[in-house]
Peer 1: 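Here you go, one structure.
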Amino acid sequence: MRLYNTLVNKKQELKTIREGKVGLYICGITAYDSCHVGHARSAVVFDIITRYLRYRGYDVTYVKNFTDVDDKIIGKANAEGTDIATIAERYIKEHNDDMGALGVVPPTVTPRATEYIGGMIKLIETLIAKGLAYVMDGDVYYAVSKFYGYGKLSGRSLDDMIAGARVDVNERKNNPLDFALWKASKEGEPWWESPWGKGRPGWHIECSVMSQHLLGDTFDIHGGGEDLIFPHHENEIAQSEGASGKPLANYWMHNGFVRINKEKMSKSLGNFFTIKDMLASYQPEVLRFFMIQTHYRSPADFSGDSLAEARQGLERCYTALKAIKDALAGHVVPAGIPDQLTGQDEAFYKIVAELPQKFQEAMDDDFNSAKAIGHIFDAVRHINAFAGKSFAATPAALFVVDVARRNLLEIGNVLGLFLMDPDDYFDRDRTLEVAKRGLDTTLILQLIGERNAARAAKDWQKADEIRKALAEMKVVLKDTPTDTLWQIE
RNA sequence: GGCGGCAUAGCCAAGUGGCUAAGGCAGCGGUCUGCAAAACCGUUAUUCACCGGUUCAAAUCCGGUUGCCGCCUCCA
């Protein structure tokens with residue numbers, strides 16, 4: 001199993017510190033506002049990585065923190081005349097609700113920065129004792145030039161950074177690149193007692209302390225969005241490795257951005273959509289499908305069109321699951337493999353039986369979910385052909401269709417897809433689309449009834465007129481021998 | 001200005017030295033259907049931004065050019 005390591009800029013074989021176990025730390029959110037689709041991508045990417053590692057038999061300890069003290073939280077608390085705990089609590093809850101709705105498996109541990117202030121003070125003391133940090137009027141700064149290897153993750157040298165420095169001049173710092181470990185508290189700010197006076201921790205020190213406390217001095221994988229590579233992760237390395245003398249993490253993984261019109265989706269650019277708003281219009285699996293279709297390190301362009309395409313792709317999969325469901329309905333699937341698998345049954349069996357293996361090959365290569373989706377579509381095409389209308393429910397055919405069902409669901413479970421009953425999926429899809437377009441279900445059903453009456457009377461002209469009227473409302477009909485199904489284009 | 005990434009068909013998107021360049025959408029032809037829709041079958045890049053080089057062999061490696069993006073300030 002190979003994964004791309006930002007530390008060395010190439011794929012490497014995964015070798016865990018302890019056999020069969022993975023310690024994984026992901027930088028979570030700062031709880032000061034609603035999460036947007038960019039946060040969702042990071043969460044879904046590492047959710048799938050965690051699920052896949054577990055699928056491959058690893059015992060994963062997944063730690064994802066919350067930053068619950070920070071300038072923005074303080075600003076919001078002051079603006080609302082409340083305290084930071086209230087603000088943080090509100091957005092942590094909202095975040096957890098969003099993640100639950102997206103089907104993200106909760107991390108093993110979700111530490112909060114304010115629970116680790118004591119550990120941060122201790123780490124800062126160690127860094128001061130080692131000559132890597134200095135005190136300046138109640139602030140403590142990390143002396144970047146004292147840490148050999150500063151810049152190794154982001155691939156830049158101290159000289160490069162000074163040459164291209166765009167850092168605010170802060171006369172309290174010895175070097176403009178030094179960063180705050182501890183900040184003296186100003187009027188109206190929350191504070192904790194420390195050897196340097198009343199103050200609060202800098203951002204980077206939080207993750208160093210929480211990750212090492214929960215996972216050990218050196219753990220397997222550290223991840224986050226690629227915007228965290230510099231300075232956040234670089235600084236974590238400087239802090240943790242400066243203090244312990246050991247590597248912080250063996251593998252560093254970073255997910256690509258969600259973009260809108262080729263630009264990064266972000267709060268500061270204001271070009272974001274919140275998770276909550278998106279889930280009002282799209283099913284969670286559509287959002288996941290959108291993200292899984294692109295490799296996790298590549299940018300993913302977010303638009304109405306790209307979501308529509310994801311919806312269409314997911315619908316194709318659910319169509320196959322529906323075909324399977326219908327093929328199996330009312331039949332008993334043989335418990336063991338019938339020994340007379342021949343012809344079409346045998347050919348189909350071969351295709352669906354090797355699906356998990358192909359999935360694994362794709363995912364073993366740096367979690368190539370886009371390739372995995374390609375294999376799923378291949379299987380879906382064969383499923384539709386085999387379990388479609390010419391399906392004959394022989395024991396052998398029932399058995400192989402059931403294998404297809406099990407394998408598709410097994411893979412889906414790793415990706416967080418195909419978790420719904422297909423009929424429920426299509427119902428929900430209709431409900432969402434009808435609401436989105438402001439359509440009237442009663443009217444639609446009435447028109448369908450009228451059309452079916454016309455069809456019964458073989459009045460094809462009238463039937464087609466009604467269907468055309470429905471088509472203008474984006475309602476697409478599908479006549480079956482027993483019924484007329486509908487959905488929104 | 002410093003550092004880094006990306007560029008594959010009308011669109012989305014895998015592929016990073018060697019079988020016929022995955023897959024999806026859209027398009028076209030067909031099967032099915034009262035006609036459709038869905039589904040299925042067939043078809044759609046002699047070519048991987050451009051120029052040059054290395055190699056028996058490159059979309060894949062190296063150098064250059066152009067364009068886009070990111071980080072360098074909070075950011076998933």
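Excluded from the calculations below are hydrogen atoms, water molecules and symmetry mates; all remaining heavy atoms, backbone and side chain alike, are included. Naming convention: chains lettered A, B, ... in sequence-line order (proteins, then strands); numbering from 1 in each chain.
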Peer 1: If you go through the side-chain atoms of A/N261, does one of them form a donor-acceptor pair with the base of B/C69 closer than 3.5 Å?
Peer 2: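 Absent.
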Peer 1: Under 4.0 angstrom, heavy atoms only, what part of the nucleic acid is A/G388 near: base, sugar-phosphate, or nothing?
Peer 2: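 Nothing, no heavy atom under 4.0 Å.
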Peer 1: Rounded to the nearest Å, what distance is computed from the NZ atom of residue A/K10 to the C1' atom of nucleotide B/G5?
Peer 2: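 Going from NZ in A/K10 over to C1' in B/G5 covers 18 Å.
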Peer 1: Students often get this wrong, so: under 4.0 angstrom with heavy atoms, is A/I229 touching a base, only sugar-phosphate, or nothing?
Peer 2: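 Since no nucleic acid heavy atom lies under 4.0 Å of A/I229, the category is nothing.
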Peer 1: So A/R451, base contact, sugar-phosphate only, or nothing? Heavy-atom distance under 4.0 Å.
Peer 2: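 The answer is base, as A/R451 lies within the cut-off (heavy atoms under 4.0 Å) of a base atom.
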Peer 1: Contact class for A/R297 vs. all strands (heavy atom < 4.0 Å): base, sugar-phosphate, or nothing?
Peer 2: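 The answer is nothing, as A/R297 stays clear of every strand by at least 4.0 Å.
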Peer 1: A/S306 near the nucleic acid: base, sugar-phosphate alone, or nothing, with a heavy-atom cut-off under 4.0 Å?
Peer 2: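 Contact class for A/S306: none.
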Peer 1: At under 4.0 Å between heavy atoms, what does A/R455 touch on the DNA or RNA strands: base, sugar-phosphate, or nothing?
Peer 2: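 Here A/R455 touches the bases of the nucleic acid.
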Peer 1: Nearest to the side chain of A/N368, heavy atoms from C-beta on, is which of B/A37, B/C71, B/G15?
Peer 2: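 That would be B/G15.
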Peer 1: If I pick the P atom on B/U66 and the same atom on B/A9, what distance separates them, to the nearest angstrom?
Peer 2: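 Approximately 22 Å lies between the P atom of B/A9 and that of B/U66.
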Peer 1: Among B/C35, B/G2, B/C40, find the nucleotide with the atom closest to the side chain of A/N384.
Peer 2: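 Of the options given, the side chain of A/N384 lies nearest B/C40.
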Peer 1: Any donor-acceptor pair under 3.5 Å joining the side chain of A/K262 to the base of B/C68?
Peer 2: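 Check fails, no donor-acceptor contact within cut-off.
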Peer 1: Using a heavy-atom cut-off of 4.0 Å across all strands, would you classify A/D305 as base, sugar-phosphate, or nothing?
Peer 2: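 No contact.
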Peer 1: For the side chain of A/E226 and the base of B/G70, is some donor closer than 3.5 Å to an acceptor across the two?
Peer 2: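 For A/E226, whose side chain was compared with the base of B/G70, there is no donor-acceptor pair (under 3.5 Å).
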Peer 1: Please work out whether the ring planes of A/H233 and A/W252 are parallel, tilted or perpendicular, with thresholds of 30° and 60°.
Peer 2: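 Taking A/W252 first and then A/H233, their aromatic rings sit tilted (interplane angle of 30° to 60°).
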Peer 1: Between B/C69 and A/R259, counting only base atoms on the nucleotide and side-chain atoms on the residue, is there a donor-acceptor pair under 3.5 Å?
Peer 2: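 Counting by modelled atom types and ignoring angles, no donor-acceptor contact under 3.5 Å is found here.
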Peer 1: Check whether the side chain of A/D227 and the base of B/G70 form a donor-acceptor pair under 3.5 Å.
Peer 2: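 Such a pair does not exist between side chain and base.
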Peer 1: How would you label the contact of A/Q312 with the nucleic acid (heavy atoms, under 4.0 Å): base, sugar-phosphate, or nothing?
Peer 2: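 Counting heavy atoms under 4.0 Å across all strands, the contact made by A/Q312 is with sugar-phosphate only.
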Peer 1: In whole Å, I'd like the distance from the OH atom of A/Y62 to the C1' atom of B/A76.
Peer 2: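 For the pair A/Y62 OH and B/A76 C1', the rounded distance is 11 Å.
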Peer 1: In whole Å, what is the span from the CG atom of A/N5 to the P atom of B/G5?
Peer 2: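 Those two atoms, CG and P, are 15 Å apart.
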Peer 1: Mark this stacking check for A/F257 against B/A76 as yes or no, applying ring centres under 5.5 Å and ring planes under 30°.
Peer 2: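 No.
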Peer 1: Can you see whether A/W486 has A/R430 sitting over its ring - NZ or CZ less than 6.0 Å from the centre and within 45° of the normal?
Peer 2: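 A/R430 over A/W486 ring: yes.
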